[in-house]
Enquirer: 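Here it is, the structure in full.
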Amino acid sequence: GCRAKDTRGSAGTGAVTVPTLNTEVVTEAKKHIGQAYVWGATGPKTFDCSGLVMYSYGRFAYVTPRVSEAQAKAARLIPASRAVAGDLVFYHDSVGDVYHVGIYLSPGKSVAAIDESEGVNYQTIWDPSSVTYGSFTHT
């Protein structure tokens, strides 16, 4: 599985601005709130968690891996203090295996394809100790 460990060096220390791609990704993901969760779906009408990330980034010609574990491996892991809207929130179990991903909005909140009962919706980051933040766009 994927371990929540950054092997790409330390995070930057300068100010973080929200990249244009991130803003576009958030706008796209929010358009799908209310749509159904279907395991393995990659849009445009139904999604699973990593499918929403892949689709939302893909609309702006940014190619991501298909599943959340691979997305975590491809992202640069960052501290929560450097996360900006459009970055990723990876949920992992006690040994670090990633099982869910959401698109970060603000402290404590993301948008994600949650499950069959909730579909694509806003999601509270319920346990900060079980998440790792990642970014495709900054350090």
Side-chain angles (χ1 to χ4, degrees):
C2 178
R3 302 287 184 239
K5 179 180 177 186
D6 188 2
T7 59
R8 289 169 284 280
S10 60
T13 57
V16 179
T17 58
V18 180
T20 300
L21 175 60
N22 286 39
T23 301
E24 294 169 333
V25 165
V26 167
T27 299
E28 182 62 35
K30 286 180 174 182
K31 289 179 184 177
H32 301 285
I33 289 175
Q35 290 182 317
Y37 174 100
V38 174
W39 186 84
T42 59
K45 300 289 184 191
T46 59
F47 299 92
D48 69 7
C49 64
S50 55
L52 179 64
V53 168
M54 188 177 89
Y55 183 84
S56 297
Y57 272 88
R59 295 282 292 156
F60 304 98
Y62 190 93
V63 178
T64 73
R66 169 61 189 100
V67 298
S68 58
E69 287 186 47
Q71 289 171 351
K73 287 180 182 179
R76 180 176 294 106
L77 299 184
I78 58 173
S81 62
R82 296 192 60 79
V84 296
D87 285 339
L88 303 174
V89 181
F90 297 104
Y91 293 78
H92 50 82
D93 62 20
S94 61
V95 296
D97 293 330
V98 172
Y99 63 86
H100 181 62
V101 62
I103 297 170
Y104 182 79
L105 298 177
S106 62
K109 188 174 244 187
S110 67
V111 62
I114 301 170
D115 59 25
E116 291 86 355
S117 65
E118 295 188 60
V120 178
N121 209 338
Y122 295 106
Q123 184 174 38
T124 299
I125 299 169
W126 62 85
D127 178 6
S129 70
S130 71
V131 300
T132 301
Y133 296 85
S135 180
F136 292 131
T137 59
H138 68 87
T139 57

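Reckoned from all heavy atoms, side chains included, excluding hydrogens, waters and symmetry mates.
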Enquirer: For Y62, check ring pair (Phe, Tyr, Trp, His ring centres under 6.0 Å) against everything at least two apart and list the hits.
Expert: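 Expected list: Y57, F136.
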Enquirer: Considering only residues two or more places apart or on different chains, which pairs with a residue in residues 107-127 satisfy ring pair (Phe, Tyr, Trp, His ring centres under 6.0 Å)?
Expert: Y91-W126
Enquirer: Under the salt bridge (charged side-chain N to carboxylate O under 4.0 Å, His left out) test, which residues partner K109, sequence neighbours left out?
Expert: none
Enquirer: What residues form a side chain to side chain contact (heavy atoms under 4.5 Å, CB included) with P65, not counting sequence neighbours?
Expert: A70, Q71, A74
Enquirer: Closest approach of I103 and V53, non-hydrogen atoms and distance?
Expert: CG1-CG2, 3.9 Å
Enquirer: By side chain to side chain contact (heavy atoms under 4.5 Å, CB included), which residues pair with T42, not counting sequence neighbours?
Expert: M54, R66
Enquirer: What are the two closest non-hydrogen atoms of P44 and Y55, and how far apart are they?
Expert: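 Closest pair (atom of P44, atom of Y55, distance): CB-OH, 3.3 Å.
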Enquirer: With T46, which residues qualify under side-chain hydrogen bond (donor to acceptor under 3.5 Å, both in side chains), at least two apart?
Expert: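 By the side-chain hydrogen bond (donor to acceptor under 3.5 Å, both in side chains) rule, T46 matches no residue at all.
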Enquirer: Apply the hydrophobic cluster definition, ILVMFWY joined by side-chain contacts under 4.5 Å directly or through others, and give me every member besides V18.
Expert: V16, V84
Enquirer: Can you list everything that forms a salt bridge (charged side-chain N to carboxylate O under 4.0 Å, His left out) with D87? Sequence neighbours excluded, please.
Expert: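 None.
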Enquirer: Among all residues two or more places apart in sequence or in another chain, which pass the side-chain hydrogen bond (donor to acceptor under 3.5 Å, both in side chains) test with H32?
Expert: E28, Q35
Enquirer: Go through the steps to decide whether H92 and T132 satisfy the test side chain to side chain donor-acceptor pair (under 3.5 Å), and finish with yes or no.
Expert: CA-CA 8 Å; H92 50 82; T132 301; 2.9 Å; yes
Enquirer: Name all pairs fulfilling the salt bridge (Lys or Arg N to Asp or Glu O under 4.0 Å) condition that reach into residues 112-133, sequence neighbours left out, sorted by first residue then second.
Expert: none
Enquirer: Y37: which other cluster members, linking ILVMFWY side chains closer than 4.5 Å, directly or transitively?
Expert: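 Answer for Y37: W39.
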Enquirer: Under the ring pair (Phe, Tyr, Trp, His ring centres under 6.0 Å) rule, collect the residues that match up with F90, sequence neighbours excluded.
Expert: none
